[in-house]
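One-based numbering along the sequence shown.
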Amino acid sequence: MSDRTTEATAPPGLSVPPEPALPSEGETIPHGLGATLPPADARAKAEGTFPYASDLWAEGLLWAAVLRSPHAHARVVSIDTAHAREMPGVRAVVTHEDVPGGPLRGHRSADRPVFASDVVRHHGEPLAAVAADHPDTARMAAAAIVVEYQLLDPVTDPEQSFAAEPLHPDGNLVRHIPLRHGDAEATGEVVVEGLYRIGRQDPAPIGAEAGLAVPRPDGGVELYMASTDPHGDRDVAASRYGLTPEQVKVVVTGVPGATADREDASFHLPLGLLALHTGCPVKLTATREESFLGHAHRHPTLLRYRHHADAEGKLVKVEAQILLDAGAYADTSSDALAAAVSFACGPYVVPNASIDGWAVRTNNPPSGHVRGEGALQVCAAYEAQMDKLAKKLGVDPADVRMRNVLSTGDLLPTGQTVTCPAPVAELLDAVRDHPLPPLPKDTPEEDWLLPGGPEGAGEPSAVRRGVGYGIGMVHMLGAEGADEVSTATVKVQGGVATVICAAVETGQGFATLARQIVQETLGVEEVHVAPVDTDQPPAGPGCRGRHTWVSGGAVERAAKMVRTQLLQPLAHKFGMSTELLQIADGKITSYDGVLSTTVEEAMDGKELWATAQCRPHPTEPLDAAGQGDAFVGMSFCAIRAVVDVDVEIGSVRVVELAVAQDVGRVLNPGQVRARIEAGVTQGVGAALTENLRTPKGVVRRPDLTGYALPTSLDAPDIRIVKLAEERDVVAPFGAKSVSAVPVVASPAAIASAVRAATGRPVNRLPIRPQAAVVTDPLPEPAPTGQA
């Protein structure tokens, strides 16, 4: 039996590694919704045989290199490519003069050029690209391009951006959202305030960007790359190349994981230009440094909050100012700001709110879509405020949260009614009641339990344990009027089903889900998911778990249409409706047992197929007061963090994270748990280690040595204590996305636990050691080592 998912394909003259080994004969593989069906590509990825873009090859292949700006802000006086063009083996050099013109078209704006022309606006911005016979030649030729700069003072503080000279023809303000809800004059008996800063997290993909461009006989080009939005990338490329969309084809190769928009235009657009100029296939494999410089990062954010509550801790009003650093270009900053402002009060009932949010341009690296964008930043702030409120009232932090949690039927500050399941109280109860982990032992044999790890500088007498909470919420699908639609085709012939859908498998499990849907609906065990390219109808970008909803919904509808085609002749023959027939384990039976046959016999050699679309109900943009039904659905997560802190040196060890999450319906238990664990671990990085430093706008140490990703040794014990399965009736299968919301909640929970351990405010992520140091004399430790 063969089960395969999205994989790299190659045009004539290209080669890919051999396909992965198949399951051994007789091996039993579960199938259908609710089963832990293993990903079809898992073995190939584990064995290193899975084909990625960097593995592709073509006859007559040229290699590309991109020249990037070493400055954050400078005027380009001249670009001299003569030396590069004269080098042996160099086949083409392209600059802004070789682009048909105009900026890129982003999700909400058109503001980024393919190559800088008169001004460079961030460190690493592309200025030129080279194609040569050898990768070393391409790199040397790119280095030989002489650019004369007139250095300009970079604007790196987003607060200074408001008064600074325009950094872009569109100005420095990307968007301002003033949200006003309820009584602007309302006040509470208890008031707490805070100022918070969130750092720049990099998506740090496991594989750096790579791609291959192949010219076509019709004057067009084919792009082979790890795109997460192939039709969007195709349309951008076509507009920049001066071609029609039909002349550009994007073929999705193996995606080495994605926690953000996987492909940045600065990588694949130069490739296509070089292929069109040379008439040869051109390949680019980015270095890790180029990857850091080229793709977008999480928005660094400055947040000011004031919470008003009554004497019992019930929230009366929330005031906030949220400032997102968009970097040099707008990209998806408008969407991130909408999420940040809309969820600025968190999953709590807030009758009155006054929120102002801004996204501004600076000369820092561009910010864009990273899992939980906007929601993560505000979650860290509003949960810190809840801790402050609990401390001021002298009540348990979990209790003050429980008094305010949101539930189905409540209003968001945007005026939208929460119509989806919102079991926030149930989630908080689950993590609060989960048994705490044992305390560390003060014995030499157990030193590895101390913050700092083996041979660390920590002392048991200085270790303090803290328990904290974080409750996060995210929206699913797009927002503010985004047209969310996906198309899928299901074909069945000879006992084998094929799913054709342009939903990219980025590691979120869509290809596995599509197989399960068809197995469940049609009783066909062997299901193939076709490779993705832009010859297929669009399915939209692979973010916010949207493919589970819209693409999974499209696959389900197409499979049900095929099911009707299959059952109608039998139903007509036996004088019954198709609803009285069921399919299970490859057999078709009637309710009364009169009819019993196999799916293969019923097919009788025919090919059945159907195409269907899924389009959720429309949303609307936020109005001038930040009001509107901007979101289709939401998901929620509660996390309790337990940390050990060495309060003398400020080192933090996350001991355990207990997670309770609203998932709607578990479609694949193994994948749901894996996605939650991965999201939590990404949140640990945001909380403790990950911060791409950019002094004066220049990325410092853009490599995996200077950028501290959490390793397996840093991953805490993750306890998934509850998966709330209250189905969302408007979602296909009732399921919700699962990977984004634990990323949002875990940094807030860890910061809350560090506050509990140290008594320090902890108002910055990632948490710096000095923020966890207690300078006051330490009390004598308890016998267990906990104060």
*Report, as yes or no, whether the 6.0 Å neighbourhood of atom CD on E185 holds more than 12 heavy atoms from other residues, nucleotides or ligands.*
no
*Is the backbone N or O of V431 less than 3.5 Å from a side-chain atom of R640, with the two atoms forming a donor-acceptor pair by type?*
yes
*Between V642 and R465, is a side-chain contact (heavy atoms from CB on, under 4.5 Å) present by the stated rule, with each step listed?*
CA-CA 7 Å; V642 179; R465 174 158 289 190; 3.7 Å; yes
*Is a side-chain N or O of D714 found less than 3.5 angstrom from the main chain of T711, in a donor-acceptor match?*
yes
*What distance separates R403 CZ from L389 CG, expressed to the nearest 0.5 Å?*
9.0 Å
*Would you give the length of the straight line joining atom CG of D429 to atom NZ of K722, rounded to the nearest 0.5 angstrom?*
9.5 Å
*So how far is it from E505 CD to T228 OG1, rounded to the nearest 0.5 Å?*
12.0 Å
*Among L406, V349, T417, which one satisfies side-chain contact (heavy atoms from CB on, under 4.5 Å) with L412?*
L406
_Can you tell me how far apart CG (L765) and CD1 (I767) are? Round to the nearest 0.5 Å._
6.0 Å
*Closest approach of A687 and P747, non-hydrogen atoms and distance?*
CB-CA, 3.8 Å
*Intermediate values then yes/no, side-chain contact (heavy atoms from CB on, under 4.5 Å), R665 and L33*: CA-CA 10 Å; R665 179 188 174 188; L33 296 176; 3.9 Å; yes
*Does the D629 side chain pair with the main chain of T619, one donor and one acceptor, at a distance under 3.5 Å?*
no
*Side chains of V743 and R298: closer than 4.5 Å at any heavy-atom pair?*
yes
_Minimum heavy-atom separation for V762 and R755, please, with both atom names._
O-NH1, 2.8 Å
*A660 and V721: which non-hydrogen atoms are nearest, and at how many Å?*
CB-CG2, 4.2 Å
*Examine Y382 together with Y196 and report whether their ring centres are nearer than 6.0 Å.*
no
*Salt bridge or not for D396 and K391, using N-O below 4.0 Å?*
no
*Can you tell if the side chain of Q627 reaches within under 4.5 Å of the side chain of H181, non-hydrogen atoms only?*
yes
*Please answer whether the main-chain N or O of H299 pairs with a side-chain N or O of T301 as donor and acceptor at a distance below 3.5 Å.*
yes
_Measuring only between side-chain heavy atoms, which start at C-beta, is E726 closer than 4.5 Å to D662?_
no
*R760 (side chain) donor-acceptor with A757 (main chain) under 3.5 angstrom*: no
*L337 and A359: which non-hydrogen atoms are nearest, and at how many Å?*
CD2-N, 3.8 Å
*asked:* Run E373 and V474 through side-chain contact (heavy atoms from CB on, under 4.5 Å) and show every step you take.
replied: CA-CA 9 Å; E373 74 274 14; V474 298; over 6 Å; no
*Atom CD of E620 with >12 non-hydrogen neighbours under 6.0 angstrom*: yes
*Taking C-beta and beyond as the side chain, do K736 and Q661 meet within less than 4.5 Å on heavy atoms?*
no
*asked:* With a 3.5 Å distance limit and no angle check, can you tell me whether R546 reaches the backbone of P541 through a side-chain donor-acceptor pair?
replied: yes
*Supply the atom-to-atom distance C379 SG to L303 CG, rounded to the nearest 0.5 angstrom.*
11.0 Å
*asked:* Before you tell me yes or no, could you show the steps for Q201 and N691 under side-chain contact (heavy atoms from CB on, under 4.5 Å), namely the whole-Å CA-CA distance, both residues' side-chain angles and the distance that decides it to 0.1 Å?
replied: CA-CA 5 Å; Q201 187 179 26; N691 186 22; over 6 Å; no
*Report yes if some heavy atom in the side chain of S752 is under 4.5 Å from a heavy atom in the side chain of E383; otherwise report no.*
no
*asked:* Pair F343, F631 - check ring pair (Phe, Tyr, Trp, His ring centres under 6.0 Å), show working.
replied: CA-CA 11 Å; F343 302 145; F631 308 108; 5.0 Å; yes
_Test applied, side-chain contact (heavy atoms from CB on, under 4.5 Å); reference residue, D644; option that passes from V754, V463, V652_ = V463
*Any side-chain donor paired with an acceptor under 3.5 Å for E319 and H308?*
yes
*Just how far is it from atom CZ of R719 to atom CG of L657, taken to the nearest 0.5 Å?*
11.5 Å
*Just by distance, do the side chain of T408 and the backbone of A422 share a donor-acceptor pair under 3.5 Å?*
yes
*Between the main-chain N or O of R401 and the side-chain N or O of N404, is there a donor-acceptor pair closer than 3.5 Å?*
no
_Donor-acceptor contact present, side-chain K388 to main-chain P761, <3.5 Å_ = no
*Check the pair H307, E193 against side chain to side chain donor-acceptor pair (under 3.5 Å), reporting the backbone distance first and the verdict last.*
CA-CA 6 Å; H307 275 53; E193 300 184 5; over 6 Å; no
*Just checking, is any N or O donor in the side chain of N668 or Q516 under 3.5 Å from an acceptor N or O on the other one?*
yes
*Minimum side-chain heavy-atom gap I676-V659 below 4.5 Å*: yes
*Donor-acceptor contact present, side-chain S737 to main-chain M476, <3.5 Å*: no
*Which atoms form the tightest heavy-atom contact between P616 and V632, and what is the distance?*
CB-CG1, 4.1 Å
*asked:* A side-chain contact here means heavy atoms from C-beta on lying under 4.5 Å apart; do L427 and I471 qualify?
replied: no
*Nearest heavy-atom pair of V316 and A186: which atoms, and what distance?*
CG1-CB, 4.3 Å
*Between S407 and D410, does any side-chain donor sit less than 3.5 Å from a side-chain acceptor?*
yes
_Working for salt bridge (Lys or Arg N to Asp or Glu O under 4.0 Å), residues D623 and R180_ = CA-CA 10 Å; D623 64 18; R180 302 293 181 265; over 6 Å; no
*Would you call V418 and C420 a side-chain contact if the rule is heavy atoms closer than 4.5 Å?*
yes
